[in-house]
Amino acid sequence: MDRDTIIFELNHSYYLEKMHATLFGRIDRFLYLIIIFLGASVFASFKGTFVFGGLIALVSALSFVYQFGKASAYADDRSKKYLLLIRKAPDLDDKPLKEELIKLEDFDSKVWHSLEFA
């Protein structure tokens with residue numbers, strides 16, 4: 001693997017983790033917005049508030065099971081580690097740079113396939 005490929009992989013991994021963190025952070029905030037909105041609608045004068053309660057439970061379960069906020073924080077942490085390595089890259093030779101990249105890639109977060117080739 002030549003230096004240009006290593007630098008490309010570093011940048012690609014950084015941006016991939018950054019996109020993943022941004023997407024999951026937005027999903028997490030959107031789910032909490034829905035929970036707050038549905039929670040407030042329970043106090044409105046609508047009939048069948050049990051439906052709103054059921055939707056709150058469903059969205060809460062979705063948020064709990066997939067833990068979008070936790071995945072976002074993890075991906076953000078990974079992107080910061082890639083950025084640090086990108087900044088250190090000019091001072092490193094090819095072999096140490098490749099070794100650091102391999103170490104970082106071992107703990108990459110699982111991103112959605114739709115983001116991989118963005």
[atom1] of [X] to [atom2] of [Y]: how many Å apart, nearest 0.5 Å?
X	Y	atom1	atom2	value
Leu84	Ser79	CG	OG	11.5 Å
Arg78	Leu16	CZ	CG	12.0 Å
Asp2	Lys98	CG	NZ	10.0 Å

Inset, instruction - Assess whether side chain to side chain contact (heavy atoms under 4.5 Å, CB included) is satisfied between Leu97 and Leu10, documenting all intermediate values. - result: CA-CA 10 Å; Leu97 184 60; Leu10 269 173; 3.8 Å; yes
Inset, instruction - For the pair Ser63 (side chain) and Ser60 (backbone), establish whether a donor and an acceptor sit closer than 3.5 Å, ignoring hydrogens and angles. - result: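 A pair under 3.5 Å: no.
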Legend entry - Under 3.5 Å donor-acceptor, Glu17 side chain and Ser109 backbone: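 The answer is yes, because a donor-acceptor pair under 3.5 Å joins these two groups.
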So, for [X] and [Y], which heavy atoms are closest and what is the spacing to 0.1 Å?
X	Y	answer
Phe64	Gln67	O-CG, 3.0 Å
Arg3	Asp94	NH1-OD1, 2.8 Å
Leu101	Glu9	CD2-CB, 3.8 Å

Within-4.5 Å side-chain heavy-atom neighbours: [X] and [Y]:
X	Y	answer
Tyr14	Leu104	no
Ile34	Leu55	no
Leu38	Ser41	yes
Leu23	Val111	no

Hydrophobic cluster identity match, [X] and [Y], side-chain contacts under 4.5 Å:
X	Y	value
Met1	Leu85	yes
Leu83	Leu115	no
Val59	Phe30	yes
Leu33	Ile27	no
Ile86	Phe107	no

Inset, instruction - Classify the angle between the aromatic ring planes of His12 and Phe8 as parallel (below 30°), tilted (30 to 60°) or perpendicular (above 60°). - result: parallel
Inset, instruction - Evaluate whether atom OH of Tyr74 has more than 12 neighbouring non-hydrogen atoms of other residues, nucleotides or ligands under 6.0 angstrom away. - result: yes
Legend entry - Whether over 12 other heavy atoms sit under 6.0 Å from Phe52 CZ: yes
Legend entry - Partner residues of Tyr66 under the side-chain contact (heavy atoms from CB on, under 4.5 Å) criterion, sequence neighbours left out: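 If we apply the side-chain contact (heavy atoms from CB on, under 4.5 Å) test to Tyr66, skipping adjacent residues, the hits are Leu62, Phe68.
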Legend entry - Residue pairs fulfilling salt bridge (Lys or Arg N to Asp or Glu O under 4.0 Å) with at least one residue in residues 18-35, sequence neighbours excluded: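 Sorted pair list: Lys18-Asp76.
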Inset, instruction - Could you check Tyr82 against Glu105 for side chain to side chain contact (heavy atoms under 4.5 Å, CB included), going step by step and ending with a plain yes or no? - result: CA-CA 9 Å; Tyr82 277 113; Glu105 287 178 338; 3.5 Å; yes
